**Q** 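Provided herewith is a single structure, encoded as structure tokens, for subsequent inquiry.
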Amino acid sequence: VSDAPRALACPRCGAPTPFRAPSCAYCGERLAWRGLIELAFADPIATADLSRVALPGTTYPNATREGDHVRIAIQTNRVSWGTFDPRLCDAGIVVTGTCLDAHGSLAVVARLISEGNSVTYYSARVDPASRSARLERAIFADRLHVEALSDWEVNTAIAGVGARNELALLCADSLVQVRVNGVLVISVIDARFGYGRFGWRVDADESGPSVVRLDRVELFHVE
Amino acid sequence: MCPACKAEVATVARACRFCRATLRWDGGVPTVEHPQLHAIGAPLLSRDFRREPLPGTRELSGTFPGLRWHATAAGAETSIERSKIRHWTFAARMRDTFVRTFVTAHDANAKVGVVLRRESLDAHFTQYLVQLHPGRQAIMVAREWEGPKSTRATSLADESVHRAIVGPGQPNEIAVAAYGGSIQVWVNHVAVVAIYDSALGIGATGLVFSATEDGDARATFASIEVGAVSA
């Protein structure tokens, strides 16, 4: 564990500060905020290089190792997902993978907490077929309830079907940002879910089953 | 180890990098350092229940399955059936907040308190509950997932007796300050609980009233003030 700089910390005393707090609650330092904060990755917390290690999490019955990646078959209108063990407030999750057909999408989840049979989380998805991205927050209880924080929107930074995408979801306090292939495509402020696990997800839509190839899943601190 | 989330922390780290708890070190042992919070300015929202309706309602009296309330000279007198729970919240969504209420439980089965960061998604709610059980002179804090069919709760402060809490028939002043993951509670001006939990960050603020499974309960809510908080 290192003491590298973290996002949204008081520059004087180092205590965490809420985004846009006028002053530090611990030392009283007045805080000045720039217009748009673009979160950056700091030191790694966990890395799953799928050429060598298994996918993090447990819900991937149809995953097979193929050379330097894992190939996941998803049934129509189904999801496979998994998370790293650490629970955090501020972190960035990155998944690198390729959707091999038009039915699949690549996603990451953040701040996932389960309470009995209920699960709450943020999720960022890319749909290579439409070259679109979406950010949502969700509660799964008796069924899945989803709200779009930023609905599907085309971005040319997103690669199409058969091409590799690197999807990242970064959270720091109420800042939630999505990057695809290094480009910031979504930035919102949402304070609802503040803490939990981070992980990967692949989806097949209602139009048919899908196959997705995953190369890496990485979890970072942010600054 | 972080006392709030149990993650590994570097010695003398100012804060936990996993849950954002600010840490204080004493003899190599970390504890959560809570900011010294207080209300600032006039309340943003306030109600005197002798002449104003409960938050989220329009009338001075009303009924709901298992619940009744009406305004009296002492405030909103409410009665609720055993094992039922009811929330009254303002519509405003707030992150950091200070809330103060005066409430009198009339019997041993009543639990009264404050709900914080109550937020819906379809018919599901996430929230923090700060509840007093005056019949036992006890307090508890929980994080809840409330659905139409069931409610799941994680205890953040188990029910514990505190002599600052007065029993049925006498008013308790409950004050709660939430700032980031820090939730601090005072009863009758005495600090009784401080917990750190960063799972829920925003939502509505209001009152909560429930009856234990031992029987119906009555309570009178006199007033509520909700405002900004600062260190």
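Below, chains carry the letters A, B, ... as their sequence lines are ordered, and counting in each starts from 1. Owing to the predicted nature of the structure, the values given are computational and were not obtained by experimental measurement.
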**Q** Start with the C-alpha distance between R17(B) and I45(A), add both sets of side-chain angles, then the distance that settles side-chain contact (heavy atoms from CB on, under 4.5 Å), and finish with yes or no.
**A** CA-CA 11 Å; R17(B) 300 184 76 196; I45(A) 302 166; over 6 Å; no

**Q** Test side-chain contact (heavy atoms from CB on, under 4.5 Å) on T126(B) and E115(A); report intermediate values, then the result.
**A** CA-CA 11 Å; T126(B) 50; E115(A) 191 78 58; over 6 Å; no

**Q** Please determine whether side-chain contact (heavy atoms from CB on, under 4.5 Å) holds for the pair C10(A) and R14(B), giving the CA-CA distance in whole Å, both sets of side-chain angles, and the decisive distance to 0.1 Å.
**A** CA-CA 10 Å; C10(A) 171; R14(B) 183 67 175 115; over 6 Å; no

**Q** Nearest heavy-atom pair of R143(B) and I113(A): which atoms, and what distance?
**A**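 Looking at all heavy atoms of both residues, the closest pair is NH1-CG2, 4.3 Å.
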
**Q** Which heavy atom of L121(B) sits nearest to which heavy atom of R137(A), and what is that distance?
**A** CD1-O, 3.8 Å

**Q** Measuring heavy-atom distances to chain A, does E144(B) have an atom under 4.5 Å in its side chain, in its backbone, in both, or in neither?
**A**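 Contact with chain A involves no heavy atom of E144(B) at all.
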
**Q** Write down the atom of C89(A), the atom of C19(B), and the distance for their closest heavy-atom approach.
**A** SG-O, 3.3 Å

**Q** Check each atom of D96(B) against the heavy atoms of chain A and say whether the ones under 4.5 Å are side chain, backbone, both or neither.
**A**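 For D96(B), the side chain is the part near chain A, not the backbone.
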
**Q** So, taking the atom named CG in N117(A) and the one named CH2 in W145(B), what distance separates them when rounded to the nearest 0.5 Å?
**A**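 N117(A) CG to W145(B) CH2: 13.5 Å, rounded to 0.5 Å.
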
**Q** Quick check on R86(B): does its CZ atom have over 12 non-hydrogen neighbours (other residues, nucleotides or ligands) under 6.0 Å away?
**A**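 Result for CZ/R86(B): enclosed.
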
**Q** Show, in sequence, the C-alpha distance, side-chain angles and deciding distance for R87(A) and C5(B), and conclude whether the side-chain contact (heavy atoms from CB on, under 4.5 Å) test is met.
**A** CA-CA 8 Å; R87(A) 287 179 290 175; C5(B) 74; over 6 Å; no

**Q** Measure distances from A199(B) to the heavy atoms of chain A and classify the residue's part below 4.5 Å as side chain, backbone, both or neither.
**A**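 Both parts, backbone and side chain.
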
**Q** Where does T151(B) contact chain A at under 4.5 Å (heavy atoms): side chain, backbone, both or neither?
**A**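 Contact with chain A is absent: no heavy atom of T151(B) under 4.5 Å.
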
**Q** To check you understand the geometry: which heavy-atom pair defines the closest contact between S174(A) and R95(B), and what is its length?
**A**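 Minimum heavy-atom contact is OG-NH1, 3.3 Å.
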
**Q** Do T120(A) and H124(B) come within less than 4.5 Å of each other through their side chains, counting heavy atoms only?
**A** no

**Q** Where along residues 21-33 of chain A does a heavy atom come under 4.5 Å of chain B, listed by residue number?
**A**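 Within residues 21-33 of chain A, the residues that come under 4.5 Å of chain B (heavy atoms only) are A21(A), S23(A), A25(A), Y26(A).
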
**Q** Using non-hydrogen atoms and a 4.5 Å limit, figure out which bit of R117(B) sits close to chain A: side chain, backbone, both or neither.
**A**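 Answer is neither: R117(B) stays 4.5 Å or more from chain A.
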
**Q** With a 4.5 Å heavy-atom cut-off (strictly below), which parts of residues 175-193 of chain A touch chain B? List them by number.
**A**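 Interface residues of residues 175-193 of chain A: A191(A), R192(A), F193(A).
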
**Q** Mind checking whether F18(B) and H221(A) have parallel, tilted or perpendicular rings, split at 30° and 60°?
**A**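 Rings of F18(B) and H221(A): perpendicular, over 60°.
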
